[in-house]
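These numbers come from a predicted model, not from an experiment. Counting starts at 1 for both ligands and their atoms, in listed order.
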Amino acid sequence: MQHLIDWNPAYSIGMDEIDDQHRVLFDIINHLWEHVINRERGGGVLDTLDELERYTITHFTAEETFMRSHGYSGFDAHKQQHDHFINRVRNERITIEAGGPVSLDMVNFLKDWLINHILVQDKAYAREFESKKLGVLGSFFARLLRV
Ligand code: FEO
């Protein structure tokens with residue numbers, strides 16, 4: 001079956017562990033999409049939404065720990081986006097549990113949100129981390145050259 005999202009090198013933020021976690025999120029969203037395309041309701045959809053919620057929390061916690069430990073300047077805004085996404089996934093699950101519709105719009109929203117977040121917010125913290133690393137190396141070599 002065709003996928004809703006396929007991994008693309010343009011989505012890489014240059015950190016293998018985080019890229020792998022993003023790939024897992026893509027897989028879960030593809031799985032959710034299959035349920036919707038096959039017009040499945042109930043158990044399968046709810047289990048997949050539950051898996052998405054749990055894995056998203058694992059991934060966001062890993063990123064937030066990394067950003068905090070490196071003093072990322074955009075931490076608060078980034079965390080706010082994470083919280084918003086988790087709330088959205090949770091609310092969708094609650095709505096479907098209560099018998100609400102499972103829509104393609106919802107899956108498309110999750111996909112678009114994730115891609116945009118990776119390309120803009122996740123790449124921003126990776127860039128800041130890289131430039132700090134280069135700054136530290138630069139000062140190290142500058143000190144060496146002065147000696
Ligand atoms: Fe990879 Fe900020 O989520």
- Query: If you measure only the distance, is there a donor-acceptor pair under 3.5 Å linking the side chains of E64 and H78?
  - Reply: no
- Pull up every protein N/O/S atom sitting under 2.8 Å from atom 1 (Fe) of ligand 1, skipping waters.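 Protein N/O/S atoms under 2.8 Å of atom 1 (Fe) of ligand 1: H22 NE2, H59 NE2, E63 OE2, D122 OD2.
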- Task: With sequence neighbours left out, write down each residue that passes side chain to side chain contact (heavy atoms under 4.5 Å, CB included) with F26, or none if nothing qualifies.
- Result: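 In terms of side chain to side chain contact (heavy atoms under 4.5 Å, CB included), with neighbours along the sequence ignored, F26 is linked to I5, W7, Y11, L114, I115, I118.
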- Item | Partners passing side chain to side chain contact (heavy atoms under 4.5 Å, CB included) against S73 (at least two apart in sequence or in another chain) |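 Side chain to side chain contact (heavy atoms under 4.5 Å, CB included) check on S73 returns E128.
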- For S12, check side chain to side chain donor-acceptor pair (under 3.5 Å) against everything at least two apart and list the hits.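 Partners of S12 under the side chain to side chain donor-acceptor pair (under 3.5 Å) test: D19.
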- Message: Looking at N116 and D112, would you say the former's side chain and the latter's main chain have a donor-acceptor pair under 3.5 Å?
- Response: no
- Task: State whether D27 and R23 are salt-bridged, where the test is any N-O pair (Lys NZ or Arg NE/NH1/NH2 against Asp/Glu carboxylate O) under 4.0 Å.
- Result: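 Result for this pair is no, no salt bridge flagged.
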